[in-house]
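I have placed the structure first, in the form of structure tokens, so that the comments after it can refer back to it.
Because only heavy atoms are used, hydrogens play no part in the values below, and waters and symmetry mates are left out as well, while side chains stay in. Here is how names work: the chains are called A, B, and so on, in the same order as the sequence lines, proteins then strands, and each is numbered from 1.
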2 protein chains.
Amino acid sequence: MLSRDLAAVFGALADPTRLAVVERLAQGPASVSDLAMPFDMAGPSFLKHLKVLEDAGLVRSAKKGRVRTVTLDPAALAWVEDWVARHRRQWQGRLDALGTFLEQEANR
Amino acid sequence: MLSRDLAAVFGALADPTRLAVVERLAQGPASVSDLAMPFDMAGPSFLKHLKVLEDAGLVRSAKKGRVRTVTLDPAALAWVEDWVARHRRQWQGRLDALGTFLEQEANR
DNA sequence: AGATAACATAGCCATATAGCTATGTATCGT
DNA sequence: ACGATACATAGCTATATGGCTATGTTATCT
């Protein structure tokens, strides 16, 4: 279904570097070099990670002068949270129904 | 930090096949062949996907006779939901703070 | 104007991933 | 006992991913 794009979002989060970048961005926007600083990684390698995050819709960016500022886009995170919450609830519902069933069985 | 394992969970969900399997399992446990049926894929290929899900802790399984039954493990999903919710909230807090700031500026 | 800074692009390389076929093993049905 | 069923394992292949260096482009600084 829509699982194709959702899979891309999960894929973007499936890497320690990108996960750390998202965590950092949750505290506010930052430039590319600020974001790259904590990582012992060549520039181009890091830029690829940013591209993955942006392609997945987790991040937006705009360039002013020679510095590009990156911002978290909450839409993708909201989507992930919603999907996970829905399936957790559904599973929880199953468990509750099973509990009721076992209870009924016990009272016969 | 703990990001390493969380990345593995995201990685397990970063594939349409595995995502669909999780969706199916949210409705209740199923055997390997039941799970595999919707997919036009060779048996061993599908088994690899199940192994990825199980290694990531998203799924548990037990074999009885010749059939292995697979069950969703809610712990990993809970973890994902918690992480996403935390960072969304943090980001939302930033936005709210910015709103307050702009409002104060407007009133001077 | 020239040097430096901040990305951006191109292209290479090693490993990981996702698929396959062929074959093996342990149950189950008759 | 024997064939069929339900996984499991081994090993191959093609493409994707994540890293690098080298080089280019566009602002900013002095």
Run the ring pair (Phe, Tyr, Trp, His ring centres under 6.0 Å) check on Trp91(A) and His87(A) step by step: do they pass? CA-CA 6 Å; Trp91(A) 178 241; His87(A) 288 87; over 10 Å; no

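- Nucleotide dA18(C) holds its C1' atom 14 Å from the CZ atom of Phe39(B), rounded to whole Å.
- Rounded to whole Å, the distance from CG on Asp55(B) to P on dA18(C) is 12 Å.
- At dA8(C), one or more side-chain N or O atoms of Arg68(A) fall inside 4.0 Å of OP1 or OP2 (strictly under the cut-off).
- Of all heavy-atom pairs spanning Arg68(B) and Ser61(B), the tightest one is NH1-OG, 2.8 Å.
- In this structure, the CG atom of Leu47(A) is 14 Å from the C1' atom of dT25(D), given to the nearest Å.
- The distance from atom NZ of Lys51(A) to atom P of dG18(D) is 13 Å, rounded to the nearest whole Å.
- The phosphate of dC20(D) has OP1 or OP2 within less than 4.0 Å of a side-chain N or O from Ser45(A).
- When all heavy atoms are compared, the tightest approach of Leu13(A) to Leu19(A) is O-CD1, 3.5 Å.
- One finds a side-chain N or O of Arg18(A) lying less than 4.0 angstrom from the OP1 or OP2 phosphate oxygen of dG18(D).
- One interatomic measurement links the two molecules: CG of Asp40(A) to C1' of dG19(D), which rounds to 12 Å at whole-angstrom precision.
- OP1 or OP2 of dC20(D) has not a single side-chain nitrogen or oxygen of Lys48(A) nearer than 4.0 Å.
- Residue Ala42(B) has its side chain nearest to dC20(C) when only dA6(D), dA22(D), dC20(C) are considered.
- Taking atom CG on Asp15(A) and atom P on dT15(C), their separation rounds to 18 Å, with Å as the unit.
- Atom CZ in Phe10(A) sits about 17 Å away from atom P in dT17(D), given to the nearest Å.
- Remark: Arg86(A) CZ is packed, more than 12 non-hydrogen atoms of other residues, nucleotides or ligands lying under 6.0 Å away.
- When each of Lys64(A) and Pro44(A) is assigned the nucleotide of DNA chain D with its nearest heavy atom, Pro44(A) is the one assigned upstream, toward the 5' end.
- The CZ-P distance, from Phe46(B) to dT9(D), rounds to 16 Å in whole Å.
- Proximity of Arg18(B) to Val52(B): side-chain heavy atoms (C-beta onward) are separated by under 4.5 Å at one or more points.
- Between dA8(C), dA4(D), dC20(C), one nucleotide has an atom nearer to the side chain of Met41(B) than all others, and that is dC20(C).
- OP1 or OP2 of dG19(D) sits under 4.0 Å from a side-chain N or O of His49(A).
- Across the interface with DNA chain D, nearest-nucleotide mapping of Gly43(B) and Arg66(A) shows Gly43(B) to be the residue nearer the 5′ end.
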